[in-house]
Amino acid sequence: MTDIPFPYPVLGSNGDIDGSFDVTIMMDFSIVGFYTLNCEFKLENAYFENLIKTQQAVYMVEIECGATNYRNSFSTKDKKMTISIPDDFVRGRVDVKIYICAIKDIPEYKPTGMDTELYGDDSFEIKSGEIIAIHPSTMFLADPKYDSFNAPIRSFIKLKKSTTQSKEMFVDYNDTFIEIALPEEDYKLYREIHTSSPALIHSCIVFPVLVDVLHEIQKEDSVYSGTTWFDRVKQICFDRQIDIADPVVAAQKLLGLPINRTFNWRKNEQEK
């Protein structure tokens with residue numbers, strides 16, 4: 001989303017302008033019959049703050065669902081906005097795009113802190129409806145049966161016995177679930193201990209795979225985007241406010257500190 005070329009400087013797009021445009025979205029699934037998004041806009045640039053204050057621009061949130069063809073835009077000049085969408089309007093992946101949009105013509109648009117080496121010292125003519133600040137797109141899953149706050153790891157990862165003679169573990173990302181295939185001998189050992197020592201399974205099998213998964217989710221052009229496991233992991237991180245910028249740290253948060261749990265499990269075993 002931030003790679004879209006604009007003929008004028010846009011806040012939040014490739015460092016065109018000093019400052020930042022950030023948005024925090026908290027999902028509320030507790031209201032029966034609706035998906036509710038609580039949005040908080042954080043803007044650090046006096047020029048854009050003044051455009052909103054003088055009602056020349058607004059915060060804009062665009063909701064789009066490919067499965068139902070639902071599309072709607074919501075705008076505000078306030079720093080907070082609540083959006084409620086009837087749950088029968090959307091299904092599956094719902095994309096959320098966030099902008100600051102001009103609602104009046106701005107004949108001499110010249111943001112403070114813009115890259116003058118790239119754009120020169122002249123001002124620009126902005127027409128009503130044009131985007132002047134942009135935030136990376138996000139998404140949520142419209143699935144009333146799926147609770148991302150309490151979703152277990154098995155909601156997107158499955159372990160199975162390998163069908164080959166290989167002695168190494170393999171991972172298949174091409175299905176609804178991420179499938180971890182263990183060699184036959186390892187799978188037998190897994191079956192014997194998985195209920196008594198889940199921390200060990202998480203730390204030595206699931207953790208390295210999840211780190212790889214989070215690296216994949218960071219890619220804007222991932223070939224797995226749109227698959228069930230991809231969207232579920234992204235949704236869990238989004239709802240639990242887990243920053244995936246560092247996949248190693250994020251994977252530990254998703255698994256509830258598996259290394260620590262494994263050490264404590266081993267310590268308790270030795271003390272028995």
Side-chain angles (χ1 to χ4, degrees), residues 1-31 33-66 68-87 89-90 94-140 142 220 238-239 241 243:
M1 200 62 202
T2 55
D3 292 332
I4 295 176
F6 291 91
Y8 52 85
V10 173
L11 181 63
S13 177
N14 301 318
D16 287 352
I17 303 171
D18 291 339
S20 63
F21 173 43
D22 196 16
V23 185
T24 300
I25 300 179
M26 292 293 293
M27 294 296 303
D28 184 354
F29 298 99
S30 66
I31 303 173
F34 291 89
Y35 295 107
T36 301
L37 294 78
N38 294 307
C39 310
E40 182 175 357
F41 306 99
K42 300 174 184 178
L43 182 58
E44 291 187 5
N45 184 292
Y47 181 85
F48 288 89
E49 289 176 354
N50 186 62
L51 289 178
I52 292 174
K53 183 179 180 180
T54 57
Q55 299 187 21
Q56 297 180 76
V58 292
Y59 299 111
M60 182 78 68
V61 178
E62 183 179 288
I63 310 292
E64 185 173 2
C65 178
T68 62
N69 292 321
Y70 172 83
R71 184 175 182 178
N72 205 350
S73 297
F74 305 84
S75 63
T76 184
K77 60 182 178 59
D78 299 325
K79 292 185 179 294
K80 293 183 179 181
M81 176 169 62
T82 297
I83 300 170
S84 292
I85 305 167
D87 60 12
F89 281 21
V90 292
V94 182
D95 291 301
V96 182
K97 300 174 183 178
I98 306 162
Y99 321 105
I100 295 177
C101 186
I103 55 172
K104 293 180 180 178
D105 292 348
I106 307 174
E108 295 185 358
Y109 172 78
K110 190 177 180 181
T112 53
M114 75 176 189
D115 187 345
T116 54
E117 290 188 6
L118 181 61
Y119 292 102
D121 291 316
D122 295 333
S123 61
F124 295 82
E125 182 178 355
I126 300 295
K127 296 294 185 182
S128 176
E130 290 189 315
I131 294 169
I132 56 175
I134 195 167
H135 187 271
S137 299
T138 185
M139 52 76 67
F140 68 91
E220 290 189 6
F238 174 70
D239 289 340
Q241 294 188 308
D243 186 356

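To the nearest 0.5 Å, the span separating SG on Cys65 from CG on Asn72 amounts to 12.5 Å. Remark: Ile106 CD1 to Glu130 CD distance equals 9.0 Å, nearest 0.5 Å. Atom CG of Leu43 sits about 5.0 Å away from atom CD of Glu49, to the nearest 0.5 Å.
Between Phe21 and Phe41, the two ring planes are parallel [angle under 30°; tilted spans 30° to 60°].
Using a 4.5 Å cut-off on side-chain heavy atoms (C-beta onward), Val96 and Val61 make contact.
Tyr109 places a side-chain N or O within 3.5 Å of a backbone atom of Pro9 that can act as its donor or acceptor partner. Looking at Asn45, its side chain does come within 3.5 Å of a backbone N or O of Tyr47 through a donor-acceptor pair. Using modelled atom types, no side-chain atom of Lys77 and backbone atom of Tyr59 make a donor-acceptor pair closer than 3.5 Å. Under the 3.5 Å distance criterion, the side-chain polar atoms of Ser123 are left unmatched by any main-chain donor or acceptor of Glu108. Checking side-chain atoms of Asp115 against main-chain N and O of Asp16 turns up no donor-acceptor pair under 3.5 Å.
The shortest non-hydrogen separation linking His135 to Asp22 is NE2-OD1, 3.1 Å. Between Val90 and Ala142, the closest heavy-atom pair is CG2-CB, 3.7 Å. The heavy-atom pair separating Glu62 from Arg71 by the smallest distance is OE2-NH2, 3.2 Å. The shortest non-hydrogen separation linking Phe89 to Tyr70 is O-CB, 3.3 Å. Minimum heavy-atom separation, Ile25 to Cys39: CG1-SG, 4.2 Å.
Counting non-hydrogen atoms of other residues, nucleotides and ligands closer than 6.0 Å to CD of Glu40 gives a total above 12.
Side-chain N/O atoms of Ser128 and Asp105 include no donor and acceptor closer than 3.5 Å.
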Apply ring-ring contact (aromatic ring centres under 6.0 Å, His included) to residues Phe140 and Phe238 and explain how you reach the verdict. CA-CA 8 Å; Phe140 68 91; Phe238 174 70; 7.9 Å; no
